[in-house]
Amino acid sequence: MTHRPTFVTSADPDTPDDFAALAAQPIGYWSGVAHDAVIRHIRDGMAGVDITQPQWWILNQVTGAGPAGRSRAELVERLGGTIGVEPDEIGRAADSLLARGWLTAGGEGDGGGQGALRLTDAGRAAKARTKELVDRMRTEIHEGITDEEYVGALRMLRRMIDNVAAARGAV
């Protein structure tokens, strides 16, 4: 049986850890607080090893493209607008990785005359170091949370996203 509160209370970080009190809390507040805390933790950890989250995404996207690499345009299309990152920031992150020697541009052009981006040996080493950090941070973030709880939370959030999309379509 699903219990739905008949009212929603104001967001309160000091809400007691009981069913009725928590069920009445607004999801917008709590999902925002969780988002901010997790993203800050990830970005702070990455700053400690001198990499940004968009740079990390690019290293993964270039690796995932195989030997052909990925064009700047593809990276911007795939990553622009991700978690509040504007498309131009993806281009700057790619430029920074090129300047560090973690990426190289060559081969088939991307329309901008810069060629497909590929990892260098230094880029592969940086990706491996960052992957270790990301795995450690994931463990920290998921401490005390079972895989079942995590999957349940994701399913619940996806359902809320679908509910909101359906409600917006009905307006």
Side-chain angles (χ1 to χ4, degrees), residues 27-165 168:
I27 187 63
Y29 171 79
W30 287 102
S31 62
V33 170
H35 170 268
D36 291 347
V38 168
I39 295 302
R40 187 178 314 100
H41 182 67
I42 290 168
R43 291 183 177 171
D44 287 350
M46 288 182 171
V49 295
D50 197 26
I51 190 168
T52 67
Q53 196 173 31
Q55 289 169 338
W56 168 242
W57 298 334
I58 289 169
L59 294 177
N60 282 301
Q61 286 293 315
V62 170
T63 301
R70 211 173 287 284
S71 73
R72 179 182 298 270
E74 287 176 294
L75 291 171
V76 169
E77 181 180 323
R78 288 173 168 264
L79 301 172
T82 303
I83 311 179
V85 174
E86 296 298 320
D88 59 339
E89 190 171 344
I90 300 302
R92 286 192 300 271
D95 289 341
S96 175
L97 294 171
L98 284 161
R100 285 183 175 193
W102 292 4
L103 291 180
T104 186
E108 301 270 333
D110 66 352
Q114 297 180 20
L117 301 173
R118 293 180 190 80
L119 288 179
T120 63
D121 288 341
R124 281 186 280 284
K127 183 179 182 292
R129 285 190 309 272
T130 306
K131 174 81 168 91
E132 290 176 12
L133 170 70
V134 168
D135 289 346
R136 182 177 50 80
M137 287 188 298
R138 184 184 192 284
T139 298
E140 293 167 357
I141 293 165
H142 287 240
E143 177 68 30
I145 301 168
T146 66
D147 287 345
E148 291 78 16
E149 290 170 320
Y150 181 71
V151 168
L154 291 183
R155 286 180 175 153
M156 180 271 306
L157 290 169
R158 291 167 109 182
R159 178 61 186 263
M160 287 185 167
I161 292 165
D162 291 345
N163 290 346
V164 169
R168 290 178 62 88

Kindly compute the distance separating [atom1] ([X]) from [atom2] ([Y]), expressed to the nearest 0.5 Å.
{"X": "Tyr150", "Y": "Ile145", "atom1": "OH", "atom2": "CD1", "answer": "9.0 Å"}
{"X": "Glu74", "Y": "Leu117", "atom1": "CD", "atom2": "CG", "answer": "9.5 Å"}
{"X": "Leu103", "Y": "Arg72", "atom1": "CG", "atom2": "CZ", "answer": "9.0 Å"}
{"X": "Ile51", "Y": "Trp57", "atom1": "CD1", "atom2": "CH2", "answer": "11.5 Å"}

Correct closest heavy-atom pair for Leu119 and Val62 would be N-CG1, 3.6 Å
Closest heavy-atom pair, Ala105 versus Leu98, reported as atoms and distance to 0.1 Å, is N-CD2, 3.8 Å
Sequence neighbours excluded, the answer for side chain to side chain contact (heavy atoms under 4.5 Å, CB included) partners of Asp88 is Glu86, Arg92
Item to complete: Go through the structure and list residues passing side chain to side chain contact (heavy atoms under 4.5 Å, CB included) with Ala47, not counting sequence neighbours.
Response: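 Side chain to side chain contact (heavy atoms under 4.5 Å, CB included) list for Ala47, sorted by chain: empty.
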Note to self: If the condition is salt bridge (Lys or Arg N to Asp or Glu O under 4.0 Å), which residues does Arg124 pass it with, not counting sequence neighbours?
What the structure shows: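 Scan of Arg124 (salt bridge (Lys or Arg N to Asp or Glu O under 4.0 Å), adjacent residues dropped) gives Asp121.
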Sorted by chain and number, sequence neighbours left out, salt bridge (Lys or Arg N to Asp or Glu O under 4.0 Å) with Asp135 holds for Lys131
Just distance, no hydrogens or angles: give the donor-acceptor pairs under 3.5 Å from side chains in residues 36-46, sequence neighbours left out.
unit_1 : atom_1 : unit_2 : atom_2 : d
His41  : NE2    : Glu140 : OE1    : 2.7
Arg43  : NE     : Gln53  : OE1    : 2.8
Arg43  : NH2    : Gln53  : OE1    : 3.0

Could you pull out all donor-acceptor pairs under 3.5 Å where a side-chain atom in residues 153-165 meets a protein atom, sequence neighbours excluded?
unit_1 : atom_1 : unit_2 : atom_2 : d
Arg159 : NE     : Asn163 : OD1    : 3.1
Asn163 : ND2    : Arg159 : O      : 3.4

### Message
Would the distance check show the side chain of Ser71 and the main-chain N or O of Ala116 forming a donor-acceptor pair, the cut-off being under 3.5 Å?
### Response
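Looks like no, no N/O pair under 3.5 Å.
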Measuring only between side-chain heavy atoms, which start at C-beta, is Leu79 closer than 4.5 Å to Gln61?
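Contact flag for Leu79/Gln61 side chains = yes.
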side-chain contact (heavy atoms from CB on, under 4.5 Å) test vs Pro54 passes for just one of Leu75, Ile90, Leu59, namely Ile90
